[in-house]
Amino acid sequence: MFVTAGGIAVDEMGYAMSRLDIESDLFDGGNAITEAGSSNRPNRPFRRVDDEIAQLTNLRSEPPDRLRQLMPGKQQLPVSPVRMLAGREGNFSGRGRFSSADRCHMLSRYLPVNGPWLVDQTTSRAYVSQFSADGSLFIAGFQGSNIRIYDVDRGWKVQKNILAKSLRWTVTDTSLSPDQRHLVYSSMSPVVHIVNVGSATTESHANITEIHEGLDFISNEYRGYSFGIFSVKFSTDGRELVAGSSDDSIYVYDLEANKLSLRIVAHTEDVNTVTFADESGNLIYSGSDDNLCKVWDRRCFIAKDKPAGVLMGHLEGITFLDSRGDGRYFISNGKDQTIKLWDIRKISSNTSCNLGGLRNYEWDYRWMDYPPLARDLRHPCDQSVATYKGHSVLRTLICCYFSPQYSTGQRYIYTGSHDSRVYIYDVVTGTQVAVLKHHTSPVRDCSWHPNYPMLVSSSWDGDVVKWEFPGNGEAPSPMNKKRVQRQYYY
């Protein structure tokens with residue numbers, strides 16, 4: 001199901017922070033793709049998404065009007081591969097080759113829905129699934145202290161098996177450096193560990209076969225104080241780490257100076273997720289159990305711990321954020337069972353909003369189902385651009401992402417789900433275009449290959465599986481199901 005935010009007047013702060021100011025002048029029209037799959041939940045769109053993000057998405061994933069006008073036959077979308085190839089060979093676009101939008105238009109219709117094929121199977125819950133930026137490596141993190149790095153180009157051979165050091169509870173997050181030489185991992189501890197991925201050692205046991213250097217995120221004025229880290233990310237240049245913690249704070253660690261460079265008391269509850277907005281590293285997005293998304297501009301801190309602005313709209317805590325990479329748009333997954341799309345130009349300096357007794361129920365996502373009466377509630381001061389519903393966010397911090405720019409033009413949003421599935425939504429129409437069913441326990445994380453129509457999902461059932469289109473000609477691998485003892489945790 002897809003809904004747009006209500007037209008509530010808020011105190012807006014308009015920032016011109018990104019190259020989208022240039023892209024905005026290049027809009028052309030377009031239509032939504034057709035649905036490739038569905039679930040048993042309602043998914044009809046109420047209204048179309050905000051015109052600007054719709055136009056930007058179409059600009060990245062549809063062929064130019066000129067090609068459609070010059071090609072014989074009906075001018076309709078999607079344009080068939082045969083017509084696209086004929087247009088390229090006839091140079092109807094005037095380029096003599098496919099543009100990036102042409103490429104995305106060709107590839108984005110081929111969703112990774114075939115399979116699954118087994119990558120790995122363990123008796124430990126999987127918490128992390130991540131492709132490297134070039135798609136050559138894949139990282140899976142498990143509750144049983146193991147982090148495995150697979151060489152995708154060599155038949156998913158395990159390149160490095162990392163046994164984490166001083167693990168508390170589980171591997172909460174991992175991040176691979178931009179040069180793919182180092183991996184950091186976090187747990188419910190203030191120390192993040194860093195591992196040399198490029199070394200020849202396959203079995204990386206902390207401080208036995210290989211050094212896992214500890215990066216201490218405790219600031220000098222808080223010695224003796226402990227907390228856990230839910231989220232950690234490398235900056236685009238690989239020089240810094242940003243982390244969100246259980247002490248309501250954002251931390252920035254300077255890797256070159258090997259010290260903590262910034263602590264922001266950012267929220268009033270756990271900071272479950274943080275990310276850099278774009279390659280500049282100046283903007284940071286954060287999401288918290290206080291239901292707020294915040295934008296932080298490191299160039300102009302007005303006052304200590306004061307954000308550039310706040311975005312309201314979720315009725316429950318936020319589990320994950322993913323940036324579109326343009327310094328303007330990002331998405332968030334929430335415990336109110338929704339994904340929201342945000343435009344930071346709508347940020348407000350005011351966080352006060354009278355919910356009017358909207359949340360008049362007791363609920364804890366760690367062990368309770370979401371109350372049916374709350375499913376249709378809407379925040380009276382919702383500043384989001386769009387809301388996507390259908391998946392389930394319970395028991396754990398479920399992740400969501402934009403699909404890759406190279407192959408889809410970020411046409412889709414995809415997410416894991418407590419109901420053991422992976423959901424794929426169309427950004428523009430909000431339609432559930434595919435639902436992937438295999439797992440028997442919550443899917444906390446999943447990852448779409450940056451260049452190829454392949455998606456890997458991992459679950460608390462211990463399975464790591466890949467979905468492809470059209471597959472490699474082989475039948476899906478038989479699964480020997482192992483049942484992991486189910487308990488309800490944070």
Side-chain angles (χ1 to χ4, degrees), residues 1 3 5-6 8 39-42 125 127 143 168-170 172 188 227-231 244-249 265-274 286-294 310-321 331-340 342 348 350-384 387-400 415-421 423 441-444 459-460 485-490:
M1 195 161 42
V3 295
I8 304 298
S39 76
N40 57 359
R41 298 185 180 191
R125 293 179 172 186
Y127 272 72
Q143 189 174 27
R168 294 183 184 175
W169 177 240
T170 184
T172 54
M188 296 306 293
F227 53 87
I229 292 178
F230 292 111
S231 175
S245 72
S246 63
D247 70 339
D248 314 339
S249 299
V265 181
H267 292 265
T268 58
E269 295 192 43
D270 293 350
V271 180
N272 295 323
T273 175
V274 289
S286 63
S288 166
D289 276 336
D290 63 10
N291 309 348
L292 299 175
C293 295
K294 293 187 178 182
V310 178
L311 290 162
M312 296 179 287
H314 279 292
L315 292 169
E316 302 290 346
I318 294 154
T319 65
F320 197 80
L321 302 176
I331 54 174
S332 59
N333 225 349
K335 297 175 185 178
D336 56 3
Q337 318 303 299
T338 68
I339 292 173
K340 286 187 176 290
W342 307 91
S348 170
N350 181 18
T351 60
S352 61
C353 181
N354 183 12
L355 297 181
L358 200 63
R359 196 188 190 284
N360 57 0
Y361 52 87
E362 291 298 324
W363 176 71
D364 192 315
Y365 99 121
R366 292 172 293 179
W367 54 76
M368 299 171 68
D369 291 336
Y370 196 61
L373 59 90
R375 290 191 177 274
D376 295 324
L377 296 179
R378 294 178 62 189
H379 197 293
C381 303
D382 192 353
Q383 296 163 268
S384 64
T387 303
Y388 307 81
K389 295 183 179 181
H391 62 293
S392 175
V393 183
L394 298 169
R395 310 296 187 266
T396 188
L397 303 177
I398 304 287
C399 304
C400 65
T415 179
S417 180
H418 172 259
D419 65 8
S420 312
R421 302 171 181 177
Y423 289 78
S441 292
V443 177
R444 186 180 191 269
S459 166
W460 280 11
Q485 183 179 1
R486 296 188 184 184
Q487 301 175 26
Y488 292 148
Y489 297 124
Y490 292 85

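Quantities reported herein were computed from a predicted structural model and do not represent experimental measurements.
A donor-acceptor pair under 3.5 Å is formed between the side chain of Ser459 and the backbone N or O of Pro442. Lys294 places a side-chain N or O within 3.5 Å of a backbone atom of Ala266 that can act as its donor or acceptor partner. Listed for the His314 side chain is no donor-acceptor partner under 3.5 Å among the backbone atoms of Glu316. In this structure a side-chain-to-backbone donor-acceptor pair under 3.5 Å is present from Trp363 to Asp369. At distances below 3.5 Å, not a single donor-acceptor pair connects side-chain atoms of Gln143 with backbone N or O atoms of Arg125. Side chain of Ser245 to backbone of Gly228: no donor-acceptor contact under 3.5 angstrom is found. Remark: the backbone N or O of Val393 is paired with a side-chain donor or acceptor of Gln337 at under 3.5 angstrom.
Note: Tyr423 and His391 have tilted aromatic rings, judged against thresholds of 30 and 60 degrees for the angle between ring planes.
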- request: Starting from the C-alpha separation in whole Å, work towards a yes-or-no answer on side-chain hydrogen bond (donor to acceptor under 3.5 Å, both in side chains) for Lys340 and Ser332.
  value: CA-CA 5 Å; Lys340 286 187 176 290; Ser332 59; over 6 Å; no
task: Begin with the C-alpha distance, continue with both residues' side-chain angles, and end with the deciding distance and a verdict on side-chain contact (heavy atoms from CB on, under 4.5 Å) for Ile318 and Asn272.
output: CA-CA 7 Å; Ile318 294 154; Asn272 295 323; 5.7 Å; no
side-chain hydrogen bond (donor to acceptor under 3.5 Å, both in side chains) assessment of His267 paired with Asp290: CA-CA 7 Å; His267 292 265; Asp290 63 10; 2.9 Å; yes
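Rounded to the nearest 0.5 angstrom, Leu311 CG and Leu292 CG are separated by 9.0 Å. Taken from CD in Glu269 to OG in Ser288, the straight-line distance is 6.0 Å, to the nearest 0.5 Å. How far OG of Ser441 is from CZ of Arg395: 11.5 Å, rounded to the nearest 0.5 Å. The distance from atom OG1 of Thr387 to atom CG of Asp382, rounded to the nearest 0.5 Å, is 5.0 Å. The distance from atom CZ of Arg444 to atom OG of Ser417, rounded to the nearest 0.5 Å, is 14.0 Å. In this structure, CH2 on Trp342 lies 5.0 Å from OG on Ser384, to the nearest 0.5 angstrom.
Ile331 pairs in a side-chain contact (heavy atoms from CB on, under 4.5 Å) with only one of the listed residues (Thr415, Leu321, Ile339), which is Ile339. Test Thr319, Thr172, Val274 against Ser231 for side-chain contact (heavy atoms from CB on, under 4.5 Å) and you get one pass: Val274.
Considering only residues two or more places apart in sequence or on other chains, Asp248 meets the salt bridge (charged side-chain N to carboxylate O under 4.0 Å, His left out) condition with none of them. When the salt bridge (charged side-chain N to carboxylate O under 4.0 Å, His left out) test is applied to Lys335, the partners found at least two apart in sequence or on another chain are Asp289. The ring-ring contact (aromatic ring centres under 6.0 Å, His included) test applied to Phe320 returns Tyr401, not counting sequence neighbours.
Checked for salt-bridge contact, Lys389 and Asp336 miss the test: no charged N lies under 4.0 Å from a carboxylate O.
In this structure, Tyr365 and Ile398 have side chains that are not in contact, with every pair of non-hydrogen atoms separated by 4.5 Å or more. Proximity of Thr396 to Trp460: side-chain heavy atoms (C-beta onward) are separated by under 4.5 Å at one or more points. Counting only heavy atoms from C-beta outward, the side chains of Phe230 and Met188 approach each other to under 4.5 Å.
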